[in-house]
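Fair warning: this is a prediction, and the values are worked out from it, not measured in the lab. Each ligand, and each atom within it, is numbered from 1 in the order the structure gives. The basis for the numbers below is simple: all heavy atoms, side chains too, and nothing from hydrogens, waters or symmetry mates.
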Amino acid sequence: MIATAGVAAYGAAYPRSQIFGPTICRTNSPKKLALTFDDGPNPAITPNLLDLMGRYEAKATFFLIGRFVRECPDLVKETVARGHSLGNHTYTHPNLAWLAPARIAEELCVCQETIADVVGTAPKWFRPPYGFRNPWVVPAAAALDCQTVMWTLIPGDWREKPAEWLIERMNPIAVHARKKLPPGTGYGGGLLGDILCLHDGGHRGLNADRTRTLAALEHWLPRWRDLGLEFVTMDEAVR
Ligand SMILES: [Zn+2]
């Protein structure tokens, strides 16, 4: 019993666990860094983030909460117009691990339809709230032709810490980029790149303060670029 519960908890929470279905956890090249932003759109932050990304010609993937899409459709259209990809992050951001299959399907479907209504096409990517899965979550995404995307690094930018703390927590990306590991050794086999999970919104409501996320990106984007990293959408990350 205890061993089974332990395995289930590991599968539900550990980002690179595959026991509840296949997920994408890395890009296909050490040169490709996939920046991903959860819990938007957020009118207080996303416009500034789009401008910042534009300065570095950086493309990203935005995992959107459907009920916020409903409130900020123009911001979502602008995100697509600037060349970014969209992902499904459920309609209300529940912990899916506790929900029955029908409720899981509903959360994903309503978000999918809301995004499709606004931008004309449905997302191809899905990320579960909190990263929590159970045996029905990945198949529910697959039923909507969405691949489930996790991450290699989640620095915790929702925490009330100074920007300097967040900048330090994002240092592993640069460490990986500097290492020229031979194939089959070390991090990601030395052949694969990072997926970074950040937040431009907060799931409790619109206008969450994510200015420290912006500050950390102001610090890192030019440094990552100088290390030879390309900032890619999930589409490009797996191509
Ligand atoms: Zn989230």
Next on the checklist: Within a 6.0 Å radius of atom CZ on R55, are there more than 12 heavy atoms belonging to other residues, nucleotides or ligands?
Outcome noted: yes

Item to check | Any L166 side-chain heavy atom under 4.5 Å of T213 side chain | outcome: yes

Item to check | Stacked cation flag R133 on F20, 6.0 angstrom / 45 deg | outcome: no

Next on the checklist: Taking Y91's backbone N and O only, do any of them form a donor-acceptor pair with E107's side chain (distance below 3.5 Å, no angle check)?
Outcome noted: yes

Checklist entry - When the ring planes of H89 and H93 are compared, do they come out parallel, tilted or perpendicular, using 30° and 60° as the limits? => result perpendicular

Next on the checklist: Checking V137 against F126 for the side-chain contact (heavy atoms from CB on, under 4.5 Å) test, could you report, in this order, the C-alpha distance in whole Å, the side-chain angles of both residues, the deciding distance, and whether it holds?
Outcome noted: CA-CA 10 Å; V137 171; F126 165 72; 3.6 Å; yes

Checklist entry - Leaving waters out, which protein N, O or S atoms fall under 2.8 Å from the Zn ion (ligand 1)? => result D39 OD1, H89 NE2, H93 NE2

